[in-house]
There are 4 protein chains.
Amino acid sequence: MTQPGPARAPRGRPRSERVRLAVLDATADLLTEGGLPAATIERIAARAGVSKATIYKWWPTRGHVVLDSFFTRTRDTIAVDPDASLADSLTAQLDALSALFRDTPLGRLMRELAAVAQGDADVRDALEKRWLRPRRAVTVRLLREAAERGELRAEIDLEVVADQLWAPIYHRLLFGHAPLRDGLAADLVGQLLTGLLPRR
Amino acid sequence: MTQPGPARAPRGRPRSERVRLAVLDATADLLTEGGLPAATIERIAARAGVSKATIYKWWPTRGHVVLDSFFTRTRDTIAVDPDASLADSLTAQLDALSALFRDTPLGRLMRELAAVAQGDADVRDALEKRWLRPRRAVTVRLLREAAERGELRAEIDLEVVADQLWAPIYHRLLFGHAPLRDGLAADLVGQLLTGLLPRR
Amino acid sequence: MTQPGPARAPRGRPRSERVRLAVLDATADLLTEGGLPAATIERIAARAGVSKATIYKWWPTRGHVVLDSFFTRTRDTIAVDPDASLADSLTAQLDALSALFRDTPLGRLMRELAAVAQGDADVRDALEKRWLRPRRAVTVRLLREAAERGELRAEIDLEVVADQLWAPIYHRLLFGHAPLRDGLAADLVGQLLTGLLPRR
Amino acid sequence: MTQPGPARAPRGRPRSERVRLAVLDATADLLTEGGLPAATIERIAARAGVSKATIYKWWPTRGHVVLDSFFTRTRDTIAVDPDASLADSLTAQLDALSALFRDTPLGRLMRELAAVAQGDADVRDALEKRWLRPRRAVTVRLLREAAERGELRAEIDLEVVADQLWAPIYHRLLFGHAPLRDGLAADLVGQLLTGLLPRR
DNA sequence: TCTTAAACGAGACGGTACGTCTAGTCTTCTA
DNA sequence: TAGAAGACTAGACGTACCGTCTCGTTTAAGA
């Protein structure tokens, strides 16, 4: 049984935190500059001043490096204002993501990551579990609480609702058929809550 | 100067249709078997019994080959039953796409293509113009006609509606967080038309 | 059966002679400058202006490149003057080799090659068959002819004789315990023919 | 200033003899099993249960480790029977070496060592001084004594004689063109002492 | 007994070269 | 002129060792 208290120091030279950060920074920079094809292990190593072997020691594939780089750049809390209305809470969340993708390098990063995920199940899983799921969970919780207060119709599939709110933003990011414009979040929430049919 | 009238036959040996089809078939097969990484130009050429140089002569990048292969395998008409209700028409469309992605190799192909599109603007444009746009156009037309008949509220953004209907299917295909289950299309249409709020 | 007459041209682009020579030259230069450790495939490729893949296509290992480089630099005929005496013929041969090793880069090349041969059976065989054996064969032939003329004692092992003539030169080259001095060849031949014991 | 008398013990933990032997044993084993390429520092360290840094602390290069390993395995005395004839003494020496190379792992070791020596002047020197020279010295001494007794012709170069006796064995070991067969030593000595020319 | 300094094991690290793979281009011959 | 064959450059891949380094641990002599 492992002792509680001060953790037993590992034997050899300790892992250098400097290396970890240099790799993740270099990766994010390269991705921002030239996208996935620019972020080869070779160039990440060169730019970070780190040996290729060291990278391979700590990350199994390039996808994992990109993923890690993405999460390191993303320390945003998923804050919710407890006093806001359901519509306002949802709009605020969607708006934050939309702005993040539109106004910061994370938009590009997410696109690259989505591309990698199509060919790397590990990355796809991690992206789902560590990024999509927590955000959807907040949405679904808000919806469920509203439903319990009787503010929503009963026969709703909340997972589908989450898709109808979040998916359009990713869709526009990935395919570029329409912009992530101001007011998009409000429209998404408004149209879905009220419905398209005229209310009498 | 190009001749008017019946197109002048070009001088030399005409392009071989055999080659075109062999390449597209080989590509689709390889993609189905092993995804994008399996569909290298080298292997496509070998499998098709065609020279690499010939491929490069007719397609600028691998992305274009994959794209062409995708469209060749996709001769589905975007049929609409003129007598169906708005809800039924929309549901039928979404359902067809969902089944296509779930039950045929096109699901995989679309995932690979979406991945390629993130790094190749040409492919992204072609995918948008030749695949997404025509399908969305039908949807938007149906919605506009319904709106003109007074069946929809006035202040709706139809492009956003199109996203709220189509995007969830692509989202689930690409990220795998939830299945393309039976009845998904109906839920998407039903929830959006009626809205989440209770109608009094 | 292959046709005689003009050889049928092979199908694709013909192998570039330029590449072959550039590689062998670069190899010899690097070996001369820094010995075996300097002659990495990477550096040979860079210096020759040739792709690594091309080198690996035509030579299985670095040893073979070095070997080829050695033989390319060595177009010396193994000429024998038919009118010379046995002693003079043998001395001339040994002297030529001794001078070659002492005065040209081939000495260094042979040392490197002998080193490679200890770890690469292919190289060892090639060296034996294409370099040592033909030279020894000439020696043995001369000795046999002399024996048939009654100029040599009968019970001699000619292979051992060949070793006693040639081996000292390689031995001094490889271990450096004594120089390849002028007159060495004459001493080798003289002492062996006459013997060490006083003749009465 | 260094103390006279019993060497002052150094302050810290004394060097572990266990380490030295473990390294040399591991090296010899690896060399025997897979030759030089198998005897990497990494593998020697692993097999010996020793840290790489410790090896580098006591041996400057791999060549030196191999050299040390060779000499550790070689505790053969260079014994000479004072009552034997010159021919018998020489034959006994050559025979012992030939058998050593042919019948024990030292043959392989010497081949690897000779290879290393071509690229490492230190190793070459050590090999010459600590291995070749003492053996040649015995030979030369025997020859000189015989010459002083008038048993040899006067104008002989004894260093060349040593080469004509020893070199053939190394030559056959390194190039493999002929075997280290029984009776080789006797032939070497016999032919050289008597000479090839018929004695009247 | 306690201190102290070197030896030592473990293992991270920056490098360099390995041999393989794919992308594209180029060159030659054939249909 | 289209196309097949295939040589070629360019450059990333992931692996293996190199030799150096930074730790914590062990060992024995000296205080």
Side-chain angles (χ1 to χ4, degrees), chain A residues 8-20 37-46 48-58 60-62, chain B residues 9-16 18-19 37 39-46 48-58 60-62, chain C residues 8-20 37 39-46 48-58 60-62, chain D residues 8-16 18-19 37 39-46 48-58 60-62:
Chain A
R8 202 73 177 67
R11 286 302 305 271
R13 172 175 174 177
R15 175 172 178 189
S16 157
E17 183 66 5
R18 197 210 96 233
V19 163
R20 207 181 67 84
T40 63
I41 295 281
E42 209 100 4
R43 272 195 258 189
I44 292 171
V50 150
S51 165
K52 277 202 304 173
T54 302
I55 297 182
Y56 282 112
K57 176 154 207 180
W58 299 112
T61 71
R62 186 173 59 163
Chain B
R11 285 297 305 279
R13 174 176 171 179
R15 175 173 178 188
S16 157
R18 199 212 96 232
V19 163
T40 64
I41 295 281
E42 209 101 0
R43 273 195 257 191
I44 293 171
V50 148
S51 164
K52 277 202 304 177
T54 304
I55 297 182
Y56 282 113
K57 177 154 205 181
W58 299 111
T61 72
R62 184 173 61 165
Chain C
R8 206 64 183 72
R11 284 302 306 272
R13 173 178 175 176
R15 176 173 177 187
S16 157
E17 183 65 5
R18 196 210 98 233
V19 162
R20 205 181 66 86
T40 64
I41 296 282
E42 210 103 359
R43 271 195 258 188
I44 293 171
V50 150
S51 165
K52 276 201 304 173
T54 303
I55 297 182
Y56 281 111
K57 175 154 207 179
W58 299 112
T61 71
R62 185 172 60 165
Chain D
R8 280 296 263 113
R11 280 300 307 276
R13 172 178 176 177
R15 175 172 178 189
S16 158
R18 199 211 94 233
V19 162
T40 65
I41 295 281
E42 209 103 359
R43 271 194 259 190
I44 293 170
V50 149
S51 164
K52 278 201 302 175
T54 303
I55 298 182
Y56 282 112
K57 176 153 206 182
W58 300 112
T61 71
R62 185 173 60 165

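Here is how names work: the chains are called A, B, and so on, in the same order as the sequence lines, proteins then strands, and each is numbered from 1. We use all heavy atoms of the structure for the numbers below, so side chains are in, but hydrogens, waters and symmetry mates are not.
Residue A:Ala53 is in base contact, counting any heavy-atom pair closer than 4.0 Å across all strands shown.
Counting distance only, with no hydrogens placed and no angle test, the side-chain atoms of B:Lys57 and the base atoms of F:dG3 include no donor-acceptor pair under 3.5 Å. Not a single donor-acceptor contact under 3.5 angstrom links the side-chain atoms of B:Ser51 to the base of F:dG3. For C:Lys52 against F:dG11, a side-chain-to-base donor-acceptor contact under 3.5 Å is absent. The base of F:dA5 is not paired with the side chain of C:Arg11 by any donor and acceptor separated by under 3.5 Å.
Comparing D:Glu42 and C:Pro14 against DNA chain E, the residue whose closest nucleotide sits nearer the 5' end is D:Glu42. Nearest-nucleotide mapping onto DNA chain E: of B:Pro60 and D:Gly49, the residue sitting toward the 5' end is D:Gly49. Each of B:Val50 and A:Ala39 was matched to the nucleotide of DNA chain F holding its nearest heavy atom; the match closer to the 5' end belongs to B:Val50.
Contact detail for C:Val50 and C:Arg18: the closest heavy-atom pair is CG2-NH2, 4.0 Å. What you find for C:Ser51 and C:Ala45 is that their closest heavy atoms are C-CB, 4.3 Å.
With F:dA4, E:dA17, F:dT9 as the choices, the nucleotide that has an atom nearest any side-chain atom of C:Thr40 turns out to be E:dA17.
Look at CD1 on D:Ile41: it is 13 Å from C1' on F:dT20, rounded to the nearest Å. The interatomic distance linking B:Arg62 (CZ) with E:dA23 (P) rounds to 6 Å, in whole Å. We find that OH of B:Tyr56 is positioned 17 Å from P of E:dT27, with the value rounded to whole Å. For D:Ile55 and F:dT20, the CD1 to C1' distance is 14 Å, given to the nearest whole Å. D:Arg13 has its CZ atom 6 Å from the P atom of F:dT27, to the nearest Å.
In this structure, C:Arg15 satisfies the cation-pi test against C:Trp58, with its NZ or CZ atom closer than 6.0 Å to the six-membered ring centre and inside 45 degrees of the ring normal.
Residue C:Arg43 places at least one side-chain N or O under 4.0 Å from the OP1 or OP2 atom of E:dA17. At E:dG14, one or more side-chain N or O atoms of A:Arg18 fall inside 4.0 Å of OP1 or OP2 (strictly under the cut-off). For the OP1/OP2 pair of E:dA7 and a distance below 4.0 Å, the side-chain nitrogens and oxygens of D:Trp58 include no atom meeting the criterion. An OP1 or OP2 oxygen of E:dC13 is reached within less than 4.0 angstrom by no side-chain nitrogen or oxygen of A:Thr54.
A:Thr61 OG1 to A:Ile55 CD1: the interatomic distance, rounded to the nearest 0.5 Å, is 12.0 Å. Interatomic distance, NZ of C:Lys52 versus CD1 of C:Ile44, reported as 11.5 Å (0.5 Å rounding).
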